[in-house]
Amino acid sequence: MASAGTTGSGFLLKKGCIDQLTPQLTIEGLTLHFGGVTALTGIYLEIMRGEILAVIGPNGAGKTSLLNCISGLYRPSEGKIAFEDREITQLAPYQRARMGIGRTFQNIELFKHMTVLENLMLGRHVHLKPGLISSGLYWGRAQREEVKHRRRVEEIIDFLEIQSIRKKPVGMLAYGLQKRVELGRALAMEPTLLLLDEPMAGMNIEEKEDMARFVLDVSEEWGTTMVLIEHDMGVVMDVSDRVCVLDFGRQIADGTPEKVQQDPLVIRAYLGQQQ
Amino acid sequence: MPRNPLVMDCGIFTTRYKDDMAILHHPGAKLKVLAVIIVFAAFPLFASPYYVGVANLVGIAVIGALGLNILTGYTGQISIGHGAFMGVGAYTAGILTATHGLSFWIALPLGGIAAALVGAFFGIPSLRLKGLYLAIATLAAQVIIHFLIIHTPSLTKGTAGMVLPAPQIGSYRLDNDLSFYYLILILTIAAVVFATNIFRSRVGRAFMAIRDRDLAASVIGINLFQYKLLAFALSSFYAGVAGALWGHYMGVISPEHFTINMSIMYLAMIIIGGLGSIMGAIFGAFFMTLLPILLREAVSLFGGVFANISGIILSMQDAIFGLIIILFLIYESEGLAKLWKNFKEYFKLWPFSY
Ligand SMILES: Nc1ncnc2c1ncn2[C@@H]1O[C@H](COP(=O)(O)OP(=O)(O)O)[C@@H](O)[C@H]1O
Ligand SMILES: [Mg+2]
């Protein structure tokens with residue numbers, strides 16, 4: 001099985017087109033406080049349509065908080081977020097999901113009692129139409145819709161190579177597979193902006209390579225914009241178009257992977273952590 | 001080719017998504033369901049009117065328990081107000097038929113709709129409250145509704161209660177156990193089918209997602225508030241229909257029928273039967289309705305021999321219920337539905353079970 005080299009070779013070139021001129025998501029002066037703790041301080045960030053942006057930084061730097069602000073789970077204390085030219089700072093998470101923002105979580109957030117299929121069908125919730133009455137009658141259109149969307153879900157199951165577990169309750173699956181199913185649920189939403197919070201954390205090399213390949217394939221096939229939090233610098237170098245570095249809630253660098261890697265501030269932040 | 005009905009299935013293979021998604025996968029399952037329906041339809045031919053009456057109470061309890069399981073078992077919203085929502089249905093339909101002379105066939109769905117609206121209203125706190133706190137908020141619903149029924153005698157005749165007329169089809173009056181039996185059977189089957197469909201498609205999946213992980217549910221585009229209210233409304237609709245049916249079957253309703261005892265009784269049904277399971281609601285309704293009757297029969301059977309003990313057992317009925325619930329919570333938290341499933345799995349492999 002062909003797999004992307006993810007251990008620092010850096011030869012993978014993305015074919016997907018990045019539209020450098022139009023930002024899909026704009027973050028202006030984003031600040032987030034939790035009581036006395038400041039998780040994010042004055043973040044300005046533009047995410048271009050179709051790019052893969054890696055967000056890196058030491059633990060507690062505010063990476064997850066940034067994704068939570070974008071998907072609407074946290075309300076920023078100050079600042080604005082705009083998606084597709086529309087301000088979304090005040091919108092609820094479900095409204096942002098409907099606009100096309102999908103995500104996965106650092107600590108897997110699947111529906112544990114439900115099967116892989118049900119989890120993925122839930123990913124299609126926003127695309128399915130039947131309401132209460134037609135769901136209850138399960139007649140005509142309601143049934144046709146279920147079958148139609150089941151077909152889409154099966155495509156994603158094939159893509160992620162999880163055919164054999166489609167009817168298993170996700171709570172019973174191994175950690176690496178759960179991460180994959182969670183990616184599947186996000187993909188089922190057909191998001192135009194996909195936020196991935198440490199999708200490869202806790203995986204072995206093989207699983208990481210698979211996941212990196214999925215990320216690149218999604219970008220190539222669907223042109224989905226992606227924000228990826230990742231600690232493995234090898235993966236970051238291979239997969240991302242651009243890297244944003246956070247440290248103590250501040251953005252200390254932003255640029256191509258090569259440039260960021262040589263940035264003295266970044267080196268100091270990472271060395272500081274190791275001491 | 002006809003299948004040998006005695007052969008158990010080892011597995012089901014389908015080639016179309018539509019077939020794979022069907023509830024009744026193969027002809028055998030359809031036959032089984034048909035057989036069950038025929039047994040129920042033929043039941044009054046063999047049973048005495050007393051047992052037909054018991055069956056009527058079971059059917060009504062199934063509808064009510066399905067309603068509570070939709071909300072508590074499937075959506076994860078604990079409610080101690082279910083008895084009151086049944087009361088809303090019973091009184092709305094009762095006032096419409098007894099006071100305003102409206103047809104039962106119109107009053108019944110209106111009773112359900114009134115209960116749905118009231119249920120959705122008292123579901124509003126569920127946006128902010130979870131678990132025990134929500135349970136207390138629904139307890140408030142229970143208390144308020146009970147208070148309103150007692151203190152609006154011009155509408156409800158207060159504590160004296162109301163006498164309700166028998167439903168009519170043309171000039172035929174449904175005023176005995178047998179005539180109600182088929183009405184209740186049809187409505188119970190409809191309630192089971194509707195709920196089963198809900199939980200294999202979009203809306204039901206959203207309910208379960210909220211129960212399993214509401215944070216993730218919101219991030220995939222589910223409007224938590226809307227769906228929680230919808231669960232309250234649907235659950236209370238079932239409760240309202242069950243209440244209206246019960247009231248017209250009994251012929252009298254009074255406030256003491258719709259107290260917190262009723263709510264707890266229904267909670268016990270779905271816990272013993274199985275939370276978040278259609279079969280669970282059905283089993284629980286059977287169990288909780290039949291247990292006191294069986295207890296009484298057992299006692300009267302041995303009454304002559306152990307006169308003292310039987311009196312004690314009857315007076316300890318509530319304690320026995322409590323004990324059974326605790327035993328289920330400890331040893332089989334997934335209820336009778338799970339026991340039934342284990343039983344079926346066992347026989348699928350029998351006699352080669354290891
Ligand atoms: N819900 C919360 N309540 C209080 N503090 C929080 C919360 N979420 C994050 N924080 C704090 O914000 C800071 C950044 O956390 P986080 O965004 O999780 O960092 P990262 O994902 O980069 O490791 C940490 O100091 C963390 O303790
Ligand atoms: Mg994090």
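Chain letters run A, B, ... following the sequence lines, proteins first and then strands; every chain starts at 1.
The two residues A/Tyr138 and B/Asn197 have their closest heavy-atom pair at CB-CG, 3.4 Å. Of all non-hydrogen atoms in A/Phe105 and B/Leu215, the two that sit nearest each other are CE2-CD2, 3.7 Å.
With a 4.5 angstrom heavy-atom cutoff, A/Met189 touches chain B only via side-chain atoms. For chain B, the nearby part of A/Leu73 is the side chain; its heavy atoms alone come within less than 4.5 Å. Proximity to chain B (any heavy atom under 4.5 Å) is shown, for A/Arg144, by neither the backbone nor the side chain. Of the atoms belonging to B/Phe225, not a single heavy atom falls under 4.5 Å from chain A. Of the atoms belonging to A/Glu182, not a single heavy atom falls under 4.5 Å from chain B. When heavy atoms are compared at a cutoff of 4.5 Å, B/Leu230 approaches chain A solely by way of its side chain, counted from C-beta outward. Contacts between B/Arg211 and chain A at a heavy-atom distance below 4.5 Å involve the side chain alone, from C-beta outward.
A 6.0 Å sphere centred on OH of B/Tyr331 holds no more than 12 heavy atoms belonging to other residues, nucleotides or ligands. Shown here is A/His113, whose NE2 atom has no more than 12 heavy atoms of other residues, nucleotides or ligands within 6.0 Å. In B/Phe40, the CZ atom is not crowded: 12 or fewer heavy atoms of neighbouring residues, nucleotides or ligands sit closer than 6.0 Å. More than 12 non-hydrogen atoms from other residues, nucleotides or ligands lie less than 6.0 angstrom from CZ of A/Arg75. By the 6.0 Å contact criterion, CZ on B/Phe121 is open, its count of non-hydrogen atoms from other residues, nucleotides or ligands being 12 or less. More than 12 heavy atoms of other shown residues, nucleotides or ligands fall within 6.0 angstrom of atom CD1 in B/Ile330. Crowding of B/Trp105 atom CH2: a count of heavy atoms from other residues, nucleotides or ligands under 6.0 Å exceeding 12. Surrounding CG of A/Asp158 are more than 12 heavy atoms belonging to other residues, nucleotides or ligands, all under 6.0 Å away.
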How far apart are the C-alpha atoms of A/Phe111 and B/Ile220, what are their side-chain angles, what is the distance that settles it, and do they pass the side chain to side chain contact (heavy atoms under 4.5 Å, CB included) test? CA-CA 12 Å; A/Phe111 307 113; B/Ile220 55 167; 3.9 Å; yes

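A distance-only check finds no donor-acceptor pair linking the side chain of B/Arg202 to the backbone of A/Gly131 [under 3.5 Å].
Residues satisfying the ring-ring contact (aromatic ring centres under 6.0 Å, His included) criterion with B/Phe122, sequence neighbours excluded, are absent altogether.
Per-residue heavy-atom pair counts under 4.5 Å with chain B were compared for A/Arg96, A/Lys112, A/Met114, A/Arg124, and the maximum is reached by A/Met114. The greatest number of non-hydrogen atom pairs below 4.5 Å with chain A, out of B/Ala233, B/Ala209, B/Ala216, is found for B/Ala209. In terms of non-hydrogen atom pairs under 4.5 Å with chain A, the most contact-rich of B/Ile222, B/Val193, B/Asp212, B/Leu224 is B/Asp212. The choice from B/Asn223, B/Val219, B/Val203 that makes the most heavy-atom pairs within less than 4.5 Å of chain A is B/Asn223. Heavy-atom pairs under 4.5 Å with chain B peak, among A/Gln95, A/Glu145, A/Met121, at A/Met121.
Taking 4.0 Å as the cut-off between side-chain N and carboxylate O, A/Glu109 and B/Arg213 count as a salt-bridged pair.
Expressed to the nearest 0.5 Å, how far OH of B/Tyr227 lies from CG of A/Leu132 amounts to 9.0 Å.
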